[in-house]
Novice: 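If you scroll down you'll find the structure; I have some questions about it.
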Amino acid sequence: MAVMEFTREIYWNVGHGVGTLAPMYALTLVAIAVFAWGFLQRLKVYRLGKPLNRTDNSGARIAGLLKDVLLQTKVMVVRGPGIAHGLFFWGFFLLFIGTCLILLQADFTDLFFDIKFLKGTFYLYFSLILDLAGLVAVVMLAGLFVRRYLVRPEGLESIKDDAIMHGLLFAILLTGFFIEGARMAVTELGTPLASWSPVGLVFAKGLVSLGEESLKSLHVGLWWFHMLLVVGFIMLIPFTKFRHILTTSANYFFVDQGPKGSLTTLDLEDEELETFGVTHVSEMTWKDIFDTDACTQCKRCQDRCPAHTTDKPLSPMKIVNQIGEAAFENPQANLVETCDREALWSCTTCRACEEICPASIEHVIKIVDMRRNMVLMEGAFPGEEVMAAAEHVEVNGNPLGLGYASRGDWAEAVGIKELAEDPDVDILYFVGCYASFDKRNIKIATSFVKLCQAAGLKVGILGKEEKCCGEPVRKIGNEYLYQSLAAENIERIKSYNVKQIVTSCPHCFNTLGKDYRDLGFTLPVEHYTVFLEELVTKGKLKLRKDSFDCTYHDSCYLGRHNDIYEQPRVLLDVAGARVSEMDKSKSEGFCCGAGGGRILAEENLGVRINNTRVGMAAEAGANMLVSNCPFCLTMFEDGIKGLGMEESMVSKDIAEILAERLS
């Protein structure tokens, strides 16, 4: 048989006449109609939410969608089940492409133009690729079945949809191989063509003993059964977790392209608004509701949530699904009560959930919006201590309750002045509350100033004119107080000829550098690790290299919120550090427990998050835990004491380590 003759009759044994094509395409049209109707019903629910533009910059959005869908980049971040899902997707996708090519030739190019392209060498590789793709899909689906039903990880919940999905996909794939095997047993066994369909060949050899007539009957019966299974699959997509095939993919297009982790700035002057924050699905955006349909309940967010893993009532996955259940079953439900207040207060806004989510779901904004409603509409707080801290911020500009006039007193020891006295400076150091008032954190401030002075830079501060950046109270839900603080800070800074701002607090850095942009603030803002790394790289800051052992903690607001991982490590390397990385580091880093305004709150539920993180540092084998954030330092100091590890571990900030090594 010449190579050019390698091909097969596509509608073998079934027929290519009206008796086959009419019911086949009629069933297909019915399936498409049910599919479209199902999603139209869901679209009505999405529209309960407020408008939100997520179609701008469409070119970049389409590119992101294609990358994340075709390469399965977000899915495969988690190796085991991620790789299994990725391989299953590629196998099933190749089978879909193959089916489309078969229909294209049989019902279009060959039918109308007498053009056949499924022949010769191309057909040989076409057969081989589809056979192997089907085998990979079956094996990976079996692996995912075993994981879900036989060795189920803790927290992985299974519902009726999961059984339907596994059963239907198995049936579609296996009937496909039985159909191929029956055809090959009659038409290809003993020919060179058979070896190019190795899986089908195995089925053919197993079925050949049935005889030609029985094989033909089996083939045509299974062909129509397979067709019905595919029709059922298409119709079930909108009504089961199958919908994630479209909704998760679409979510890659609808991804937030704004500054990472930024929140919506409420228009507090809008007189038409009757409420602030969210308590019903109608007060959310359509994207918040759409997210609930994109969720596959894979529990990755739950596994990485520091609150959940320390026995708090929060599960980001359950929050999303509870919102979805309310949207589709009871839109008038009170979401705050549905999602549980303690769960909402437990969030540290660390973004671990969003960073790992394979469906690009935005968890944090949903939680903060519900907190906003509790604080602004009910006057509720997670505890009396948080209410007191908010009052201190309102009166004294800091949550510690200390007089604002003493905010810059620490600076006298290092010889720097407030801008009100001397505005001619190279950088404005926005100090933050803890580095201004807390004795332990003042060492960070003085260390940073000494490093700048060693590099020949003149540093200024706002001193008593500086107020809390507003981040902790904003994340707790007090948007009004945040915007008041932000407006005052912006006005003060703009009144001076400031060229650049540097912060030692990642929360201040994130707030001034992102959130203040919505309020008209445009000055460049850097975290001190990035600023100092540039000085070192350019040779403007000379440091002595003294070897020491440590482990390094990536603060959430420098790491996951701003993707700054390398500069702090460069500085540690220059200082002589031998860093033993914790198992949870960089984008997988574990929160200290202070984010989301939790620095203001007592931690009364479950295990303390800071103790858990200090324990991880101890497991890394180092006796020094290094961080880059005053919140983190405070939490680690408490954690070390709480675990009785004062003799075996010390907590330091990078700035302190560098200042000790000034040439």
Side-chain angles (χ1 to χ4, degrees), residues 389 392-393 396-419 425 427-454 457 459-473 485 489 492-493 498 500-513 525-532 553 555-558 562 564 568 571 592 594-595 597-600 610 625-638 651-660:
H392 291 323
V393 170
N396 291 307
N398 70 84
L400 304 174
L402 299 173
Y404 70 90
S406 62
R407 192 175 185 105
D409 289 357
W410 66 272
E412 295 178 12
V414 285
I416 62 171
K417 298 180 180 179
E418 298 179 8
L419 294 190
V425 296
I427 64 167
L428 166 62
Y429 175 30
F430 193 92
V431 187
C433 299
Y434 277 74
S436 294
F437 292 107
D438 178 66
K439 290 182 179 179
R440 178 64 186 89
N441 277 286
I442 284 174
K443 293 180 181 179
I444 300 176
T446 56
S447 295
F448 172 66
V449 171
K450 288 176 182 177
L451 290 163
C452 290
Q453 290 170 338
L457 297 174
V459 180
I461 62 172
L462 289 173
K464 58 180 173 291
E465 292 185 312
E466 178 186 298
K467 292 199 171 184
C468 176
C469 69
E471 191 270 348
V473 293
L485 296 165
N489 282 327
R492 293 297 185 199
I493 294 170
V498 174
Q500 183 176 15
I501 299 173
V502 181
T503 76
S504 53
C505 175
H507 298 264
C508 295
F509 163 63
N510 190 74
T511 304
L512 271 67
V525 183
E526 283 189 309
H527 186 260
Y528 83 85
T529 54
V530 176
F531 181 73
L532 294 179
H553 167 80
S555 66
C556 303
Y557 274 77
L558 196 64
N562 287 283
I564 297 173
L571 290 174
C592 73
R598 296 293 311 178
I599 187 70
L600 310 177
N610 58 334
L625 173 53
V626 180
S627 57
N628 55 50
C629 170
F631 288 8
C632 295
L633 183 66
T634 300
M635 299 300 285
F636 295 149
E637 293 275 313
D638 290 346
S651 179
K652 281 196 172 185
D653 190 272
I654 292 178
E656 296 177 283
I657 293 170
L658 299 182
E660 292 169 359

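We use all heavy atoms of the structure for the numbers below, so side chains are in, but hydrogens, waters and symmetry mates are not.
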Novice: Can you give me every donor-acceptor pair (side chain of residues 405-414, partner residue at least two apart or in another chain, under 3.5 Å) with its distance?
Specialist:
residue: Ser406; atom: OG; partner: Gly403; partner atom: O; Å: 2.9
residue: Arg407; atom: NE; partner: Glu466; partner atom: O; Å: 3.3
residue: Arg407; atom: NE; partner: Glu466; partner atom: OE2; Å: 3.1
residue: Arg407; atom: NH1; partner: Gly397; partner atom: O; Å: 3.2
residue: Arg407; atom: NH2; partner: Glu466; partner atom: OE2; Å: 3.0
residue: Trp410; atom: NE1; partner: Arg407; partner atom: O; Å: 3.4

Novice: Using ring-ring contact (aromatic ring centres under 6.0 Å, His included) as the criterion, point out the one residue from Phe430, Tyr557, Tyr434 that pairs with His507.
Specialist: Tyr557

Novice: For the atom pair CG (Asn396) and CG (Leu402), what is the distance rounded to the nearest 0.5 Å?
Specialist: 7.5 Å

Novice: Under the criterion side-chain contact (heavy atoms from CB on, under 4.5 Å), I'd like the reasoning laid out for Lys467 against Asn398: C-alpha separation, chi angles, the key distance, then a yes or no.
Specialist: CA-CA 7 Å; Lys467 292 199 171 184; Asn398 70 84; over 6 Å; no

Novice: side-chain contact (heavy atoms from CB on, under 4.5 Å), that's the test. Do Phe448 and Val431 meet it? Break it down for me.
Specialist: CA-CA 10 Å; Phe448 172 66; Val431 187; over 6 Å; no

Novice: For Glu660, enumerate each residue passing the side-chain hydrogen bond (donor to acceptor under 3.5 Å, both in side chains) test, keeping only those at least two apart in sequence or located in another chain.
Specialist: Lys652

Novice: How close do Cys468 and Val393 get, counting heavy atoms only, and between which atoms?
Specialist: CB-CG1, 4.4 Å

Novice: Under 3.5 Å, is there a donor-acceptor pair between the side chain of Thr446 and the main chain of Lys443?
Specialist: yes

Novice: Which value, rounded to the nearest 0.5 Å, describes the distance between Ile427 atom CD1 and Leu457 atom CG?
Specialist: 6.0 Å

Novice: Within this structure, what is the CZ-CD1 distance for the pair Phe437 and Ile442, rounded to the nearest 0.5 Å?
Specialist: 9.0 Å

Novice: How far apart are the closest heavy atoms of Leu633 and Ser651, and which atoms are they?
Specialist: CD1-OG, 3.2 Å

Novice: Any chance you could measure Cys556, atom SG, to Asn562, atom CG, to the nearest 0.5 Å?
Specialist: 11.5 Å

Novice: For a 4.5 angstrom cut-off between non-hydrogen side-chain atoms, does Gln453 reach Ile416?
Specialist: yes

Novice: Evaluate the side-chain contact (heavy atoms from CB on, under 4.5 Å) criterion for residues Tyr528 and Cys452: first the C-alpha distance (whole Å), next the side-chain angles of each, then the deciding distance (0.1 Å), finally the verdict.
Specialist: CA-CA 10 Å; Tyr528 83 85; Cys452 290; over 6 Å; no

Novice: Applying the side chain to side chain contact (heavy atoms under 4.5 Å, CB included) test to Leu571, which of Asn628, Ile654, Ile657 qualifies?
Specialist: Ile654

Novice: I'd like to know if the side chain of Asp653 reaches the main chain of Ala655, judged simply by a donor and an acceptor atom lying under 3.5 Å from each other, with no hydrogens or angles considered.
Specialist: yes

Novice: Could you give the distance from CD1 (Ile564) to OG (Ser555), rounded to the nearest 0.5 Å?
Specialist: 8.5 Å

Novice: Would you call Thr511 and Thr503 a side-chain contact if the rule is heavy atoms closer than 4.5 Å?
Specialist: no

Novice: Heavy atoms only: give me the nearest Leu600-Pro399 pair and the separation to one decimal.
Specialist: CD2-CB, 3.5 Å

Novice: How far does SG of Cys469 sit from CG of Asn489, to the nearest 0.5 angstrom?
Specialist: 8.0 Å

